[in-house]
Amino acid sequence: MKKTLLISAASLMFASPLLADGHSEGEGEPTLASVASEALESDRYAWDFVEGVTTEVGPRQAGTEAEARGREWAMAWLNAHGFENVADEPFEMNTWVPGDIARARVTAPFAQDMVILPLGNSVATPAGGMEAEVVFFRSADELRAAPDGSLTGKIAYISHQMRPAMDGSHYGFAGPARWVGAGIASSKGAVATVIKSVGTDYHRNPHTGGTGWPEGVTPTPAGALSLPDAENLERMFERADGRTITMRLELNPERIGTTISGNVVGEIVGRNPSLPPVLLACHLDSWWNAPGAFDDGAGCGIAAAAALNVQKTGQPLRTIRVLFAGAEEVGLFGSTAYSAAHIDEPIGVGLESDFGADRIWRFESNFRESNSDLHARIASAVARFGVANSSIRASGGADLNIMRDQGGAIIDLQQDGTRYFDLHHTPDDTLDKIDPVQLRQNVAVWTTVAGILANESASIQTGGPIPSAPAIAGE
């Protein structure tokens, strides 16, 4: 496990004197600054949410009974904490499940088992498995250059050189091995695809995640090896001395037809319902192989905590709406469904938390130039928490499709992703990996930003189209 920077609350807080109840001296109601400072020291909500959903529900694979239990749990939590207009907004989806068989074994020349998981949307191997020669590609680009038909009857293995990065940028570099590798390999005749997990840890835990096939290309079995197993396979190629490496692969995922997923919403209702609301988004589903603490139970806890903390300062001017999107991991179905259902209902500004729970280090907006005063006020307010201003134009997370579709205002509060891809889509995405101190810093920053936005009376001008979202950690 990589080490992360732990920041004490005291080193981040430059607060004015507070009374014992958290009120600012001389005032009858808590200020936004004092509530954010309290959150930095003692979070009442975010940890409770992520601990509860991971303990009482666990993994929440999209479209399954487990995800439905997650929605019921989340709605009960929101109602218990005083949110209004709590609802489950259902949508249909074609549901994929992973099955219960995932085996890979190198059969020659260095026979041994390897640890593998199916990739989302993979089809099953024939009953009893399949065996074929493995062809090594160092990247998706190298695979693209392979001649058409050259992989007929073979298994493509795709590697990459992903490294940890604070901004998570290597995900975009390595991700194509998973996102499009199987489709490219199938188009060149491969009977299956195996990839080096798109991640940065060296536990023997494969990283799953979705893959896909272009129209007209027949889907084939696809799986991810753990990083230690993938690198062992690569060493085998170095030592094979021209001998053919063969692998036996057995996977049994399946599509179970149309089922119901849904988006959970709840509101802290504002004083002026004519003003477009502030949207705080996350996603509630997880892959089947982990309870989804980092990805993305913590994000939902952070968003909900921020809304509740703003309410402590009095009823906000604008409504704050939380969106716990469903079926994000398998294709952003919840985000797409929410936008389709609400596209004619303007949203004032959107934020998403979906990159773990480590500290926020950078603030971005898409209105730095068009609404420079608001951008500057937010940047100044979050600086005391160690958050840097940025000229990078925010494009929003996976569950903010409605903001991109409306051309609306977006803020990105960038979290430290140095260790995120150690955990992403693995069985290690568990509650114990969350650092409470860093989680509280997230809550304090989100409380500050949401509070400023929820009490902004003027329209937030964005000044131009929003670019497509970059590679998103939740996908």
Undergrad: Is the ring centre of F421 less than 6.0 Å from the ring centre of Y171?
TA: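 Ring-ring flag for F421/Y171: true, centres closer than 6.0 Å.
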Undergrad: Under 3.5 Å, is there a donor on one side chain and an acceptor on the other for W213 and S186?
TA: yes
Undergrad: What is the minimum heavy-atom distance between G183 and P214, and which atoms define it?
TA: CA-CD, 3.8 Å
Undergrad: Check D428, N289, D422, T426 against N205 for a side chain to side chain donor-acceptor pair (under 3.5 Å) and give me the one that passes.
TA: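 Between N205 and the candidates, side chain to side chain donor-acceptor pair (under 3.5 Å) is satisfied uniquely by D428.
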Undergrad: Can a side-chain donor-acceptor contact be found between R255 and N121 if the only test is distance below 3.5 angstrom?
TA: yes
Undergrad: Shortest non-hydrogen contact from R368 to S390?
TA: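 Heavy atoms only, the tightest pair is NH1-O, 2.9 Å.
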Undergrad: Can you name the nearest heavy-atom pair linking I411 to S365, along with the distance?
TA: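 Minimum heavy-atom separation between I411 and S365: CG1-CB, 4.1 Å.
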Undergrad: As an exercise, state the distance from CG of L225 to CD of E231, rounded to the nearest 0.5 Å.
TA: 11.0 Å
Undergrad: Return the minimal non-hydrogen interatomic distance between L280 and A306, and the atom names on each side.
TA: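 Closest approach of L280 to A306, heavy atoms only: CD1-CB, 4.4 Å.
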Undergrad: Step by step, work out the side chain to side chain donor-acceptor pair (under 3.5 Å) result for T418 and D416.
TA: CA-CA 6 Å; T418 305; D416 184 345; 2.5 Å; yes
Undergrad: Would a 4.5 Å heavy-atom cut-off, applied to side chains only, mark L431 and W47 as touching?
TA: yes
Undergrad: Is it true that Q112 and N232 share a donor-acceptor pair across their side chains at a distance under 3.5 Å?
TA: yes
Undergrad: Under 3.5 Å, is there a donor on one side chain and an acceptor on the other for Q415 and N442?
TA: yes
Undergrad: Checking D48 against W77: is there a side-chain donor and acceptor pair closer than 3.5 Å?
TA: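 Checked: W77/D48 side chains pair up, N/O donor to acceptor below 3.5 Å.
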Undergrad: Testing the basics here: between K188 and L143, what is the closest heavy-atom pair and its distance to 0.1 Å?
TA: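 Closest approach of K188 to L143: CE-O, 3.2 Å.
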Undergrad: Which donor-acceptor pairs under 3.5 Å do the side chains of residues 124-136 make with protein atoms, sequence neighbours left out?
TA:
unit_1, atom_1, unit_2, atom_2, d
T125, OG1, L251, N, 3.2
T125, OG1, L251, O, 3.2
E131, OE2, T107, OG1, 2.8

Undergrad: Do F137 and L151 touch side chain to side chain, with heavy atoms closer than 4.5 Å?
TA: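 They are in contact (side-chain heavy atoms under 4.5 Å apart), so the answer is yes.
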Undergrad: With sequence neighbours left out, write down each residue that passes side chain to side chain contact (heavy atoms under 4.5 Å, CB included) with E369, or none if nothing qualifies.
TA: none
Undergrad: Are H425 and V198 packed together at the side-chain level, in the sense that at least one heavy-atom pair is separated by less than 4.5 angstrom?
TA: no
Undergrad: Would you call L453 and I460 a side-chain contact if the rule is heavy atoms closer than 4.5 Å?
TA: yes
